[in-house]
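Step one of this worksheet: look at the structure below.
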There are 2 protein chains.
Amino acid sequence: MTGMPRKALATEAEPSEMALESLVGYNLKRAYVILQNDYRAVMGEHGLSPRVFSALTFVVETPNLTQSDLARRLGIERSGLVAIVDELEGRGYLRRVAVPQDRRVQALSPTDAGVQAYEAALTLVHAHEDRMLQTLDAGERDQLLHLLKKIRETGE
Amino acid sequence: MTGMPRKALATEAEPSEMALESLVGYNLKRAYVILQNDYRAVMGEHGLSPRVFSALTFVVETPNLTQSDLARRLGIERSGLVAIVDELEGRGYLRRVAVPQDRRVQALSPTDAGVQAYEAALTLVHAHEDRMLQTLDAGERDQLLHLLKKIRETGE
DNA sequence: GCAGATCGTTTACTAGGTTAACAATTATCG
DNA sequence: CGATAATTGTTAACCTAGTAAACGATCTGC
């Protein structure tokens, strides 16, 4: 027998020498999971999920948005958006409004309750982000935002 | 007829004034989706998925890793790891090796084929990352990695 | 030697998408 | 004009990637 402790079957390698640790994709995913988990904790059991909050933001900030528009802006399929809009409509945060000029389309119009819910949620989201990014100073936060946008521009 | 194109029901707001665009979480998710899609395109139809590649990396780089160890390092549940290890074993990239000192445990040992597959995959991943991050110089890339790790440290 | 923890596993479930098809409607162009 | 193509919202079936709870087997600490 060696002098190795029984418990430690795996020799713990320095994180710095792990190939994964120098990959942006791996770190991006880990950071994304952390943020998402905290987001859900902050928004609570019956809070808006990330995608529903994003959709509500577009609806509130973009007058006369249609579902196809919204799906394109969110980067998802029209079919996938239906459940999201259903939820927002079910909560009374928006209405599907018939558009006489194009009867295929239903414009998405936020209700007063929707605008209120959006503003309340945004406050929570800001608090959540401030907490998750507390170890970053203002410059680092701007830089992070800038670098993520650069990746988005490359791929969208 | 007005001068407005009929198609544009939604007035396109400047992205800079959208509340979402200044949220790290939103940009992180969008960037994550872009990277993941390109990753899958690069690795091909029957290539290793991100999580399987991550698992294989740990198995190759960490001798005598157990499944519980691996799950902890990947930040997922033991139950979720089973399918990943099944796939790697099915591909012949690792073996579940009985450990006499603890018969609950099966150590994960990479095969020669597993090491080869890991190295081939890593080359593809590096090419993928270089392409996705082509608009970032070396300093920006390091900075991005550094900032993502800071978020990880806050939340892990 | 017994109570409690840990290991790998199965099962059932959830979130968040995708693709393919559909009827209704609108746009294009010979 | 009229035929053909494109677009819209929707449903249905499916996929990926995870979680939570329970299980028998095994190990650890007192």
Side-chain angles (χ1 to χ4, degrees), chain A residues 5-10 26 29-30 32-34 36-37 39-41 43 45-55 64-89 94-108, chain B residues 1 5-10 26 29-30 32-34 36-37 39-41 43 45-55 64-72 74-89 94-108:
Chain A
R6 292 276 308 286
K7 200 63 165 300
L9 266 181
Y26 181 73
K29 173 165 186 180
R30 296 295 294 251
Y32 162 65
V33 168
I34 287 167
Q36 189 176 247
N37 285 344
Y39 173 98
R40 287 178 195 286
M43 301 299 274
E45 185 81 26
H46 302 293
L48 297 176
S49 63
R51 64 192 198 149
V52 173
F53 171 72
S54 300
N64 296 318
L65 195 65
T66 69
Q67 285 187 213
S68 288
D69 280 338
L70 181 50
R72 270 187 293 269
R73 289 172 195 240
L74 290 173
I76 64 175
E77 294 298 315
R78 292 186 331 281
S79 58
L81 186 64
V82 174
I84 298 173
V85 173
D86 283 350
E87 177 176 339
L88 286 170
E89 193 178 39
L94 63 75
R95 274 185 291 266
R96 286 168 157 112
V97 179
V99 175
Q101 292 82 23
D102 187 341
R103 287 179 306 179
R104 292 170 302 183
V105 160
Q106 291 178 277
L108 302 175
Chain B
M1 291 294 289
R6 291 275 309 288
K7 200 66 163 296
L9 263 182
Y26 181 72
K29 171 165 188 183
R30 296 295 295 250
Y32 162 64
V33 168
I34 288 167
Q36 188 176 245
N37 285 344
Y39 173 98
R40 287 179 195 284
M43 301 299 274
E45 185 81 27
H46 301 293
L48 298 175
S49 63
R51 64 192 198 149
V52 174
F53 171 73
S54 300
N64 296 319
L65 194 65
T66 69
Q67 284 187 213
S68 288
D69 281 337
L70 181 50
R72 270 187 293 268
L74 290 173
I76 64 175
E77 294 298 314
R78 295 190 324 285
S79 59
L81 185 62
V82 174
I84 298 173
V85 173
D86 283 350
E87 177 176 339
L88 286 170
E89 193 178 39
L94 64 74
R95 274 185 291 265
R96 285 168 157 111
V97 179
V99 175
Q101 292 83 25
D102 187 342
R103 286 179 307 179
R104 291 171 304 182
V105 158
Q106 291 177 278
L108 302 175

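Atoms considered below: every heavy atom in the structure, side chains included; atoms not considered: hydrogens, waters and symmetry mates. Just so it is clear: chains get the letters A, B, ... in the order the sequence lines come, proteins before strands, and each one is counted from 1. This is a predicted model, so every value here is computed, not measured.
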Touch class at under 4.0 angstrom, heavy-atom based, for A:Gln67 against every strand present: sugar-phosphate
Provide the full list of side-chain hydrogen bond (donor to acceptor under 3.5 Å, both in side chains) pairs with a residue in residues 78-87 of chain A, sequence neighbours left out, each pair given once.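 Qualifying pairs, neighbours excluded: A:Asp86-A:Arg96, A:Glu87-A:Arg91.
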Are [X] and [Y] packed together at the side-chain level, in the sense that at least one heavy-atom pair is separated by less than 4.5 angstrom?
{"X": "B:Gln106", "Y": "B:Val97", "result": "no"}
{"X": "A:Leu65", "Y": "A:Arg73", "result": "yes"}
{"X": "A:Leu81", "Y": "A:Leu74", "result": "yes"}

I need the [atom1]-[atom2] distance between [X] and [N], as an integer number of Å.
{"X": "B:Leu70", "N": "D:dG18", "atom1": "CG", "atom2": "P", "value": "12 Å"}
{"X": "B:Gln101", "N": "C:dC7", "atom1": "CD", "atom2": "P", "value": "15 Å"}
{"X": "A:Arg73", "N": "D:dT8", "atom1": "CZ", "atom2": "P", "value": "13 Å"}
{"X": "B:Glu77", "N": "C:dT6", "atom1": "CD", "atom2": "P", "value": "13 Å"}
{"X": "B:Leu74", "N": "D:dG18", "atom1": "CG", "atom2": "C1'", "value": "12 Å"}
{"X": "A:Leu88", "N": "D:dG9", "atom1": "CG", "atom2": "C1'", "value": "16 Å"}
{"X": "B:Leu48", "N": "D:dT16", "atom1": "CG", "atom2": "P", "value": "14 Å"}
{"X": "A:Asn37", "N": "D:dA17", "atom1": "CG", "atom2": "C1'", "value": "13 Å"}

When rounded to the nearest 0.5 angstrom, what is the spacing between CD1 in A:Ile76 and CD1 in A:Ile84? 4.0 Å
Between CE of B:Met43 and OG of B:Ser49, what distance do you get to the nearest 0.5 Å?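 Nearest 0.5 Å value for the CE-OG distance: 8.5 Å.
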Checking [X] now: which residues fulfil side chain to side chain contact (heavy atoms under 4.5 Å, CB included) with it, not counting sequence neighbours?
{"X": "A:Arg72", "value": "A:Ser68, A:Asp69"}
{"X": "A:Ile34", "value": "A:Met132, B:Arg152, B:Glu156"}
{"X": "A:Gln36", "value": "A:Tyr32, A:Arg40, A:Pro50"}

List the residues meeting ring-ring contact (aromatic ring centres under 6.0 Å, His included) with B:Tyr26, not counting sequence neighbours, and say none if there are none. none
Rounded to 10°, the helix from C:dG1-D:dC30 to C:dG30-D:dC1 deviates from straight, judged by its five-pair end axes, by 30°
Any [X] side-chain N or O less than 4.0 Å from OP1/OP2 of [N]:
{"X": "B:Arg51", "N": "D:dT16", "value": "no"}
{"X": "A:Arg40", "N": "D:dT19", "value": "no"}
{"X": "B:Lys29", "N": "C:dG17", "value": "yes"}

Toward the 5' end of DNA chain C, by each residue's nearest nucleotide, B:Gln106 or A:Ile76: B:Gln106
Report the residue (B:Val85 or A:Gln36) whose heavy-atom-nearest nucleotide on DNA chain C is the more 5′ of the two.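 Looking at DNA chain C, the more 5' nearest nucleotide goes with B:Val85.
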Could you go through nucleotides 23-25 of chain C and list every protein N or O atom that sits under 3.5 Å from one of its N or O atoms, giving the distance for each pair?
none

Would you list the protein and nucleotides 11-13 of chain D atom pairs, both N or O, that sit under 3.5 Å from each other?
none

What pairs with A:Arg95 under salt bridge (charged side-chain N to carboxylate O under 4.0 Å, His left out), at least two apart in sequence or on another chain?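 Counting only residues at least two positions away or on another chain, A:Arg95 forms no salt bridge (charged side-chain N to carboxylate O under 4.0 Å, His left out).
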Kindly write out the residues that satisfy salt bridge (charged side-chain N to carboxylate O under 4.0 Å, His left out) with B:Arg103, not counting sequence neighbours, or none if the list is empty.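 None.
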Regarding the side chain of A:Pro50, the nearest nucleotide among C:dC7, D:dG18, C:dG16 is C:dG16
